[in-house]
There are 2 protein chains.
Amino acid sequence: MKLSTRSRYGTRLMLDMAENYNNGPIHLMKIAQRQGISVKYLEQIIIPLKKALYVKSVRGPKGGHILAKPPEEITVGEIVALLEDGVSLVECSYNEAVCGRADICPTRHLWREAAQAMFAKLNSITLADLLNGTKIDNE
Amino acid sequence: MKLSTRSRYGTRLMLDMAENYNNGPIHLMKIAQRQGISVKYLEQIIIPLKKALYVKSVRGPKGGHILAKPPEEITVGEIVALLEDGVSLVECSYNEAVCGRADICPTRHLWREAAQAMFAKLNSITLADLLNGTKIDNE
DNA sequence: ATTATACTATACTAAAATATTATAGATCAT
DNA sequence: ATGATCTATAATATTTTAGTATAGTATAAT
């Protein structure tokens with residue numbers, strides 16, 4: 001039940017673009033250097049973020065990527081849901097066809113509620129929140 | 001970020017024993033049949049549950065397994081934390097040595113809080129709650 | 001127009017984690 | 001003693017994750 005590097009790197013990728021939101025498109029290469037992640041891998045991870053219209057790209061020299069909307073309007077929950085392929089901890093949460101026991105299983109709704117609790121938290125935090133450091137308890 | 005079958009099967013295993021708490025030790029074979037899980041796999045999964053003293057076993061014929069305490073006193077959160085090896089979504093949550101960026105990473109505490117939100121929910125639900133069906137919204 | 005830069009698309013491979021089975025042995029009620 | 005049942009360890013198979021490679025396409029700058 002660990003978060004994949006897709007989600008973790010993807011969040012840092014988005015956060016890097018959030019930091020540079022007012023500097024125009026940023027080269028993935030630059031982000032890769034700053035974040036210590038390979039360009040090739042970032043290129044993979046950014047695809048769904050582009051498709052979901054969280055990111056815009058500009059090709060050619062002086063090109064790069066930039067958030068499609070301000071950091072205040074993008075939550076971590078959206079990013080994670082996208083990169084983890086949904087908000088469920090188990091396949092049966094929103095598709096009971098995957099398991100013959102779905103209709104009688106006492107745990108099915110439990111897992112859905114646990115995931116909901118987690119995403120309620122993630123959905124309440126925007127990239128802007130992360131940048132300015134408030135809203136998260138730094139222990 | 002899916003739950004492993006260890007956690008899922010383990011919870012159902014514990015739930016089956018909870019249902020039979022007043023019937024004495026239950027053969028794993030019986031549970032395997034009822035739950036549609038191989039005995040061999042259940043034998044694996046029950047090891048940590050025994051070590052953590054949630055389950056007692058009786059060897060020999062007429063032997064079996066039984067909860068070491070009543071279903072009211074065991075939460076799903078405890079089971080999942082045990083079978084998933086901890087309550088964190090990322091390695092760095094409680095061990096910053098695993099990542100050189102841990103001290104400056106804006107996402108580190110985020111993941112910890114997300115996991116905490118999930119476990120707050122799971123810790124609030126006991127096996128008894130699951131059995132009697134209240135406390136979980138069946139949608 | 002050409003070129004260099006940067007993004008795009010698809011496919012491939014390697015490594016790790018998960019899931020599952022197998023083998024051999026220990027315990028104990030009967 | 002026997003056979004049912006749990007126990008321990010190892011082996012294997014499968015799936016997922018992570019990451020790389022190759023061959024492009026678009027475009028700003030010259």
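Computation of the quantities below employed the complete heavy-atom set of this structure, encompassing side-chain atoms and omitting hydrogens, waters and symmetry-equivalent molecules. Chain naming here is simple, since letters A, B, ... match the order of the sequence lines and numbering starts at 1 in each.
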When you get a sec, tell me which of [options] is the closest nucleotide to the side chain of [X]?
X	options	value
A/Ser4	C/dC7, D/dA18, D/dT9	D/dA18
B/Pro61	D/dT7, D/dA28, C/dC28	C/dC28
A/Thr5	D/dA18, C/dA11, C/dT8	D/dA18
B/Leu28	C/dT21, D/dC6, C/dA29	D/dC6
B/Arg59	D/dC6, C/dA19, D/dA18	D/dC6
A/Lys62	D/dT7, C/dT10, D/dA28	D/dA28
B/Lys50	C/dT20, C/dT8, D/dT7	D/dT7
A/Lys40	C/dT8, C/dT21, D/dT7	C/dT8

For the atom pair CG (B/Leu89) and CZ (A/Arg8), what is the distance rounded to the nearest 0.5 Å?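 The CZ atom of A/Arg8 is 10.5 Å from CG of B/Leu89, to the nearest 0.5 Å.
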Quick one: is C/dA4 close enough that its OP1 or OP2 comes under 4.0 Å of any side-chain N or O from A/His27?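 Answer is no, no contact under 4.0 Å.
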Considering just the side-chain nitrogens and oxygens of A/Ser57, establish if one lies under 4.0 Å of OP1 or OP2 belonging to C/dA6.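 Negative; the distance criterion is not met.
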On DNA chain C, compare the nucleotides closest to A/Val39 and A/Gln44; which residue's is nearer the 5' end?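 Closest to the 5' end, via its nearest nucleotide, is A/Val39.
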Among A/Val76, A/Val87, A/Thr75, find the one that has a side-chain contact (heavy atoms from CB on, under 4.5 Å) with A/Phe119.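 Of the listed options, the one satisfying the test is A/Val87.
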Rounded to the nearest Å, what distance is computed from the [atom1] atom of residue [X] to the [atom2] atom of nucleotide [N]?
X	N	atom1	atom2	result
B/Ile66	D/dT5	CD1	P	16 Å
A/Leu49	C/dC7	CG	P	14 Å
B/Tyr41	D/dT7	OH	P	18 Å
A/Lys2	D/dA18	NZ	P	13 Å

How do A/Leu3 and A/Gly60 order along DNA chain D: which one's closest nucleotide is nearer the 5' end?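 Its nearest nucleotide lies further toward 5', so the answer is A/Leu3.
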By nearest nucleotide on DNA chain D, pick out whichever of A/Tyr9 and A/Val58 is the more 5' one.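 First, find each residue's nearest nucleotide; the 5'-ward one identifies A/Tyr9.
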For A/Ser7 and A/Leu3, indicate whether the former's side chain and the latter's backbone hold a donor-acceptor pair under 3.5 Å.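 Pair absent, no side-chain N/O of A/Ser7 close to backbone of A/Leu3.
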Can you check whether B/Gln116's main-chain N or O pairs, donor with acceptor, with B/Lys121's side chain at less than 3.5 Å?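 A pair under 3.5 Å: no.
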Identify whether B/Leu13 and B/Ile47 are in the same connected component of the hydrophobic contact network (ILVMFWY, side-chain heavy atoms under 4.5 Å).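 No, B/Leu13 and B/Ile47 fall in different hydrophobic clusters.
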